[in-house]
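Along the sequence shown, the residues carry numbers beginning at 1. Everything numeric here is computed off the predicted structure, so don't read it as measured data.
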Amino acid sequence: MHEDDIILYYIILYYIILYCVILFFNISLVLLIVLDESLHEPMYILLSSFCINALYGTTGFYPKFLSDLLSSSHRISYEGCLLQGFIMYSFACCDLSILTVMAFDRYLAICRPLHYHSFMTKRRLSQLVCFSWLTPFCVFAINVLLTARLKLCGINIQRALCLNWLIVQLACPEADTFSNNISAYVILVIYLSHWLFIICTYIYIIKTCVRSREDRVKFTQTCVPHLTSVIINFTVLAFDSMYLRFGSRDLSQSLKNFIALEFLIIPPVMNPLMYGFKLTKIRNRILSLIYLKGK
């Protein structure tokens, strides 16, 4: 076996194990929340939506990526590329929408506890979950339709996955990309407003928690995992966006691939682990299941 074949074998094995770990952690957390009635609370339902989104995004990428590694051809149809671009963008922005709704939920629980149960009804929770899913889907469906009308003069994408911006860059010089640029700016404004809302919400939450020991405990138990997810999400997406626009071409291909895939590696693995260990109810439920199996 040649050295290149051995390296490829280990790369394939790494991504198979990674995908299996993502599936196991996220499916386990979703099933735990669905099957345990004591976890049928807004915070945990939003967390299960978060994990389902991780499954949606990673399943939209890893099977195709692994099949490409196993075959000699690394081609994807134009329609398949558009679909993958839609999944990647909607997955990333759905994460942000869910984090925004989770921030609002924590704000109500800590800063407006007397109004929490009257406001966060099952119907209102359903509306918020629908908002977190439908907003990215509708926004990026329009974005993909605008890209689909462009005539392309290039066929090579120098990344491990299709992204809308990379497809637009392949458009012929005479193609009208003005509406694509406008769409990109509108999307940027929408999701920067999400970030602004999260930042303002946490400023208010922290100010409230400083006054009360009970609120500080609640913040540590329920807000720290969410705030960590927000920081991870922001760091990964900001770094990836900066690299997408301004990245150097002198980097090795393996490093380029890692940078391109980090938002499909770090959050889907870290989030279920972090919430599973930090949220008391989930941690106790997991420990009780392990204890019962150990008997």
Side-chain angles (χ1 to χ4, degrees), residues 14-36 39 41-66 83-103 105-106 125 128-137 139-140 160-163 191 194-195 198 222 224-241 257-279 282-283 285-286:
Y14 165 75
Y15 282 111
I16 289 174
I17 293 171
L18 179 65
Y19 183 48
C20 290
V21 166
I22 290 169
L23 290 177
F24 176 75
F25 284 159
N26 286 279
I27 291 174
S28 297
L29 204 53
V30 170
L31 288 176
L32 185 67
I33 292 167
V34 169
L35 297 175
D36 192 334
L39 298 176
E41 298 175 14
M43 179 174 65
Y44 301 108
I45 291 169
L46 290 171
L47 175 56
S48 68
S49 182
F50 203 36
C51 293
I52 290 168
N53 188 52
L55 293 170
Y56 159 71
T58 52
T59 302
F61 171 74
Y62 282 107
K64 168 63 178 167
F65 179 63
L66 289 168
L83 177 61
Q84 190 180 72
F86 170 78
I87 293 172
M88 294 302 100
Y89 276 111
S90 57
F91 154 67
C93 291
C94 192
D95 255 7
L96 182 51
S97 294
I98 295 169
L99 287 170
T100 304
V101 173
M102 290 171 87
D105 174 74
R106 290 301 84 209
L125 180 61
L128 290 170
V129 170
C130 288
F131 160 78
S132 63
W133 279 88
L134 293 178
T135 302
F137 275 50
V139 166
F140 287 104
L161 71 166
C162 291
L163 294 175
Y191 288 100
H194 281 49
W195 284 117
I198 292 172
T222 64
V224 168
H226 177 257
L227 193 54
T228 307
S229 288
V230 170
I231 293 168
I232 290 172
N233 185 279
F234 176 80
T235 304
V236 168
L237 288 181
F239 188 70
D240 189 68
S241 298
N257 287 339
F258 175 77
I259 293 170
L261 301 181
E262 60 183 343
F263 77 105
L264 288 160
I265 297 173
I266 299 172
V269 172
M270 290 299 297
N271 288 328
L273 276 176
M274 186 169 49
Y275 282 101
F277 282 114
K278 192 61 185 171
L279 293 180
I282 291 179
R283 184 177 67 246
R285 185 62 180 143
I286 292 170

Exercise. With side chain to side chain contact (heavy atoms under 4.5 Å, CB included) as the test, would you mind laying out the steps for Ile98 and Trp133 before giving the verdict?
Key: CA-CA 8 Å; Ile98 295 169; Trp133 279 88; 4.3 Å; yes

Indicate every side-chain donor-acceptor pair of residues 263-273 with a distance under 3.5 Å to a residue at least two apart or in another chain.
residue, atom, partner, partner atom, Å
Asn271, OD1, Ser229, OG, 2.8
Asn271, ND2, Pro267, O, 3.1

Self-check item: Test side chain to side chain contact (heavy atoms under 4.5 Å, CB included) applied to Thr135 - qualifying residues, sequence neighbours left out
Solution: Phe131, Val139, Tyr191

Practice problem: Return the set of residues passing disulfide (SG to SG under 2.5 Å) with Cys93 (not counting sequence neighbours), or none when no residue passes. | Solution: none

Quiz item: Between Cys162 and Met88, does a side chain to side chain contact (heavy atoms under 4.5 Å, CB included) hold up when you go through it step by step?
Solution: CA-CA 8 Å; Cys162 291; Met88 294 302 100; over 6 Å; no

Self-check item: Partners meeting ring pair (Phe, Tyr, Trp, His ring centres under 6.0 Å) with Phe50 (sequence neighbours left out)
Solution: none

How long is the span from the [atom1] atom in [X] to the [atom2] atom in [Y], to the nearest 0.5 Å?
{"X": "Asn233", "Y": "Thr228", "atom1": "CG", "atom2": "OG1", "result": "12.0 Å"}
{"X": "Arg106", "Y": "Leu46", "atom1": "CZ", "atom2": "CG", "result": "9.0 Å"}
{"X": "Met102", "Y": "Ile45", "atom1": "CE", "atom2": "CD1", "result": "11.5 Å"}
{"X": "Phe25", "Y": "Leu55", "atom1": "CZ", "atom2": "CG", "result": "12.5 Å"}
{"X": "Leu125", "Y": "Cys130", "atom1": "CG", "atom2": "SG", "result": "9.5 Å"}
{"X": "Ile27", "Y": "Ser48", "atom1": "CD1", "atom2": "OG", "result": "13.0 Å"}

Practice problem: Over 60° means perpendicular and under 30° means parallel, so classify the ring planes of Phe65 and Tyr15, tilted if in between. | Solution: perpendicular

Show the nearest heavy-atom pair for residues [X] and [Y], with the distance to one decimal.
{"X": "Phe61", "Y": "Gln84", "answer": "CD1-NE2, 3.9 Å"}
{"X": "Ser49", "Y": "Val129", "answer": "OG-CG1, 4.2 Å"}
{"X": "Ser132", "Y": "Ser97", "answer": "O-CB, 3.4 Å"}
{"X": "Pro225", "Y": "Met274", "answer": "O-CE, 3.6 Å"}

Self-check item: Partner residues of Thr59 under the side-chain hydrogen bond (donor to acceptor under 3.5 Å, both in side chains) criterion, sequence neighbours left out
Solution: Tyr19

Exercise. Only counting residues at least two apart or in another chain, list the ones meeting side-chain hydrogen bond (donor to acceptor under 3.5 Å, both in side chains) with Ser90.
Key: Tyr56

Practice problem: Decide yes or no for Thr58 and Leu18: does some side-chain heavy atom of the first lie under 4.5 Å from some side-chain heavy atom of the second? | Solution: no

Practice problem: Report the C-alpha separation of Tyr44 and Ile282 in whole Å, then their side-chain angles, then the decisive distance to 0.1 Å, and conclude whether the side chain to side chain contact (heavy atoms under 4.5 Å, CB included) test is met. | Solution: CA-CA 9 Å; Tyr44 301 108; Ile282 291 179; 3.7 Å; yes

Practice problem: Verify the neighbour count for atom CZ of Phe137: are there more than 12 heavy atoms of other residues, nucleotides or ligands below 6.0 Å? | Solution: yes

